[in-house]
Protein chains: 2
Amino acid sequence: MPTLEDVARKAGVSTATVSKVLSNTPYFTASTRDKVMRAVEETGYMPHLAARALAAGRTCIVGVVFPWVYDGIFTDPHILHILEGIEPECSQHGYNILLITPRLTTSGVDEHYLQLIRSGYIDGIIALDNVPFASVLEPIHKKGIPVVNIGYHVTSYMVRSDDYTGGYQLMQHLVALGHGEIGIIDVQPDLNYSAEERMKGVYAAAEASGMSVESLPTARGDFSVTSGEACAADLLARHPNLTALICLNDRMALGAIQQARRMGRQVPQQLSVVGFDDIPLAAASDPTLTTIRSDAPRMGREATRMLFSVLNGQTPDSVLCPVQLIVRQSTTAVKGGCLT
Amino acid sequence: MPTLEDVARKAGVSTATVSKVLSNTPYFTASTRDKVMRAVEETGYMPHLAARALAAGRTCIVGVVFPWVYDGIFTDPHILHILEGIEPECSQHGYNILLITPRLTTSGVDEHYLQLIRSGYIDGIIALDNVPFASVLEPIHKKGIPVVNIGYHVTSYMVRSDDYTGGYQLMQHLVALGHGEIGIIDVQPDLNYSAEERMKGVYAAAEASGMSVESLPTARGDFSVTSGEACAADLLARHPNLTALICLNDRMALGAIQQARRMGRQVPQQLSVVGFDDIPLAAASDPTLTTIRSDAPRMGREATRMLFSVLNGQTPDSVLCPVQLIVRQSTTAVKGGCLT
DNA sequence: TAAGAGTAGTTAAGCGCTTAACTACTACGA
DNA sequence: TCGTAGTAGTTAAGCGCTTAACTACTCTTA
């Protein structure tokens, strides 16, 4: 591979001149620039990124930290959609993406992650840090790397989805349809901040319409389809008079619908079901699913833009991404219910 | 950040000694090792990866190249599952993953990708190169970086899923159930080698059982759920006597099932449907889906192991990952059909 | 007892690039 | 005529690490 020196020799200038011309430093004649560019062409020169990183102190690498909490990291399409927003922004700025998946347990993060963070390999970080019991941010802060968090852990720069409002809207929607006996398919507390926020929204809307939060029948799943089935089986057996089910994500909602059918309940005629996320299948299932759309690519995009603006010395504001209630076929007015 | 020199000074040895002790070079007394390790502890030293990369000529970065062909890259859970297999292997070897998503068009790859490949930043590459009309491998070969391809583009080291056998098994399964009128939901040719292989398998099994391949009713989708619906609508309208549908992936199969229902066909009583991939929803849909399971994490794992063995100077054999027919509820014997 | 083999560490070159500090030349106003 | 400002390029230090080549000491063994 040709180096700067080869180019410089060929162009008849110093390596400093080549380096500066390539980084668009002013004060060079057109003819010098020409000579350099021609030599670059002829030699097929490409800068050696490790050398550049060492000399300049910048690596042009952003780390994308997706902690490996529950096994779902590599199962959840949500992750991929966030990446979809991150990638073009990075590419556009000439930055590369290092995918970092630390093992996150109650006792902290793994050693490999620590090394990587402290190795000077990474210019900036986008983290997906959203589990209450642990955080990947601490070593990053310690090392002083600029970081944007997509999630609820508090740090200087954050992007969040408006989960609270999403939860609120779901409950509000069901109440407006006349539902009074509403079951909840939740997840275990302390698993996920977003889920907690969604529940806060659900409860707030319940209270706003005069319902008692404590009396809402609840089952706990783990975001998976099968757990949705199990929870629905449990809830419908214990509370046969339920007319609606709020599920904290779409996959559990789809499972719940299957299970309800097996138990002889027609959806939505006898049971309304709502989900959260608006995964692609929500629009294609039978019945199509009423849900909350959170714009994952946009969150990735916003986070990346924030990161680059931090890297440029600015101090951007944190972002709250709006959500949207998508009403489809899985919800309907309660039979004989009184619509307000 | 402390450097090797700080550690060396504190330990009272030369930087070479520290470097060698840390890389487990023989011929050092226990006491020297101790002094060094203690100094490392006290200073909190971490090697600077860019400096190490420059000096040693290795970056400890493997590139994972997922070309951005159709927009599906960030939508397809398959990708994530391949990563699931790659990540632990890399992590175990102390390597990091650089996620590379070149824009791949008929006119080649984008400039940023070219730069990255030629920049000396990457020790080895795992590519997912599977579109007939273009390839990301050429610049990699030119630069001489060790590469393993997950897909059908020919290169020294390859990992493939046995798509041919998968297709064969699907057709064989339906034939064994007595189906004779079978529709195909295909994708456009030249989009994906795997799809082509699957079709070859389907056709081979058809011929083996004496069917005429040309007469198989076929519609072309694009792997999406909605395209599955559209294709099913088309096929069932044009060929009302179909008793079974082979879909080249699960998402199209799920769409086809929905559409068949809407058109008054019960699945599987009046129409058997099979998919390909075994995505999580295949086991949770209603009816559950008969499909072919291809082990994506395993493919990632095998590819990564091959890469490291290449990096160690070995020449591993290419791998063909077996597939498995998963029979579920969406297929049944044809009514009044004669089972062999 | 001297040559070779093994052990334990040091010296210093250099990986390829960036950039502060410097030289040198031209132009121009006071 | 001198001083200053602007323009155009060079010199050389150094980023933090690895490693070939070297020194120096201690055993063996013929």
Side-chain angles (χ1 to χ4, degrees), chain A residues 1-40 43-61 94 115-123 143, chain B residues 1-37 39-40 43-61 94 96 115-123 143:
Chain A
M1 273 275 107
T3 69
L4 255 200
E5 214 178 317
D6 300 328
V7 177
R9 199 177 311 118
K10 185 149 228 161
V13 297
S14 71
T15 61
T17 301
V18 178
S19 174
K20 287 181 176 174
V21 163
L22 288 179
S23 61
N24 280 315
T25 307
Y27 304 140
F28 286 100
T29 57
S31 97
T32 304
R33 276 177 209 283
D34 256 35
K35 274 190 297 187
V36 169
M37 295 316 282
R38 202 158 24 236
V40 166
T43 54
Y45 169 78
M46 277 286 151
H48 189 284
L49 291 183
R52 174 175 282 181
L54 181 58
R58 287 177 303 107
T59 56
C60 284
I61 286 183
Q115 263 196 249
L116 187 55
I117 293 301
R118 298 162 66 185
S119 70
Y121 228 33
I122 295 167
D123 288 347
K143 171 80 185 171
Chain B
M1 273 276 109
T3 70
L4 256 199
E5 214 178 318
D6 300 328
V7 178
R9 199 177 312 119
K10 186 148 227 159
V13 298
S14 71
T15 61
T17 302
V18 177
S19 174
K20 288 181 174 173
V21 164
L22 288 179
S23 61
N24 279 318
T25 307
Y27 304 141
F28 285 100
T29 57
S31 98
T32 303
R33 278 178 206 284
D34 255 35
K35 273 190 296 185
V36 169
M37 296 316 280
V40 166
T43 55
Y45 169 78
M46 278 285 151
H48 189 283
L49 290 183
R52 173 176 285 181
L54 182 58
R58 286 177 304 104
T59 57
C60 284
I61 287 185
N96 301 113
Q115 262 195 250
L116 187 55
I117 293 301
R118 299 162 66 188
S119 70
Y121 229 34
I122 295 167
D123 288 347
K143 171 80 186 173

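Residue numbers begin at 1 in each chain, while the letters A, B, ... track the order of the sequences. Computed from a prediction, not measured in an experiment: that's the story for all the values here.
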**Q** Which nucleotide, dT19(C), dT18(D), dT7(D), lies nearest any side-chain atom of Ala56(A)?
**A** dT19(C)
**Q** Please classify the nucleic acid contact of Ser19(B) as base, sugar-phosphate, or nothing, using heavy-atom distances under 4.0 Å.
**A** base
**Q** Which listed nucleotide (dG16(C), dA20(D), dT18(C)) is nearest to the side chain of Lys20(B)?
**A** dA20(D)
**Q** For Thr25(A) and dT19(C), is the shortest distance between a side-chain N/O and OP1 or OP2 below 4.0 Å?
**A** no
**Q** Measure from CZ on Arg52(A) to P on dT18(C) and round the result to the nearest Å.
**A** 5 Å
**Q** Could you give the CG-to-C1' distance, from Leu49(A) to dG16(C), as a whole number of Å?
**A** 11 Å
**Q** Which sits closer to the 5' end of DNA chain C, Arg58(A) or Met1(A), going by the nucleotide each is nearest to?
**A** Met1(A)
**Q** Hey, what do you get for CG (Leu4(B)) to CG (Leu22(B)), rounding to the nearest 0.5 Å?
**A** 7.0 Å
**Q** Which heavy-atom pair separates Cys60(B) from Asp123(B) by the least distance, and what is that distance?
**A** N-OD2, 2.7 Å
**Q** Asp6(A) has an atom CG; how far is it from atom P of dG16(C), in whole Å?
**A** 9 Å
**Q** Look at all strands and tell whether Thr17(A) reaches a base, only sugar-phosphate, or nothing, counting heavy atoms closer than 4.0 Å.
**A** base
**Q** Without decimals, in angstroms, what is the distance between His48(A) NE2 and dG16(D) P?
**A** 18 Å
**Q** Val18(B) versus Val21(B): any side-chain heavy-atom pair under 4.5 Å?
**A** no
**Q** Toward the 5' end of DNA chain D, which comes first, Ala50(B) or Ala16(B), by nearest nucleotide?
**A** Ala50(B)
**Q** Whole angstrom is fine here: how far is it from CD in Glu5(A) over to P in dT10(D)?
**A** 13 Å
**Q** Between dT19(C) atom P and Phe28(A) atom CZ, what is the distance in whole Å?
**A** 13 Å
**Q** Just how far, in rounded Å, is P of dG9(C) from CZ of Arg33(B)?
**A** 9 Å
**Q** How far apart are the closest heavy atoms of Ala51(A) and Leu54(B), and which atoms are they?
**A** CB-CD1, 3.6 Å
**Q** By the 4.0 Å heavy-atom rule, please label Pro47(B) as base, sugar-phosphate, or nothing.
**A** sugar-phosphate
**Q** Base, sugar-phosphate, or nothing: which does Ser23(A) touch, judged by heavy atoms less than 4.0 Å apart?
**A** nothing
**Q** Tell me what Ser14(A) touches on the nucleic acid: a base, only sugar-phosphate, or nothing, going by heavy atoms under 4.0 Å.
**A** base
**Q** Kindly say if Tyr27(B) contacts the phosphate of dA8(C), meaning a side-chain N or O under 4.0 Å from OP1 or OP2.
**A** no
**Q** Would you tell me if any nitrogen or oxygen in the side chain of Thr15(B) comes within less than 4.0 Å of OP1 or OP2 on dG16(D)?
**A** no
**Q** Does the side chain of Val36(A) come within less than 4.5 Å of Phe28(A)'s, by heavy atoms?
**A** no
**Q** Could you state the CG-P distance from Leu4(A) to dG14(C), rounded to the nearest angstrom?
**A** 18 Å
**Q** Show the numbers, then the answer: is there a side chain to side chain contact (heavy atoms under 4.5 Å, CB included) between Leu116(B) and Leu49(A)?
**A** CA-CA 8 Å; Leu116(B) 187 55; Leu49(A) 291 183; 4.1 Å; yes
**Q** Quick one: which of dG9(D), dA12(D), dC15(D) gets closest to the side chain of Ala55(A)?
**A** dC15(D)
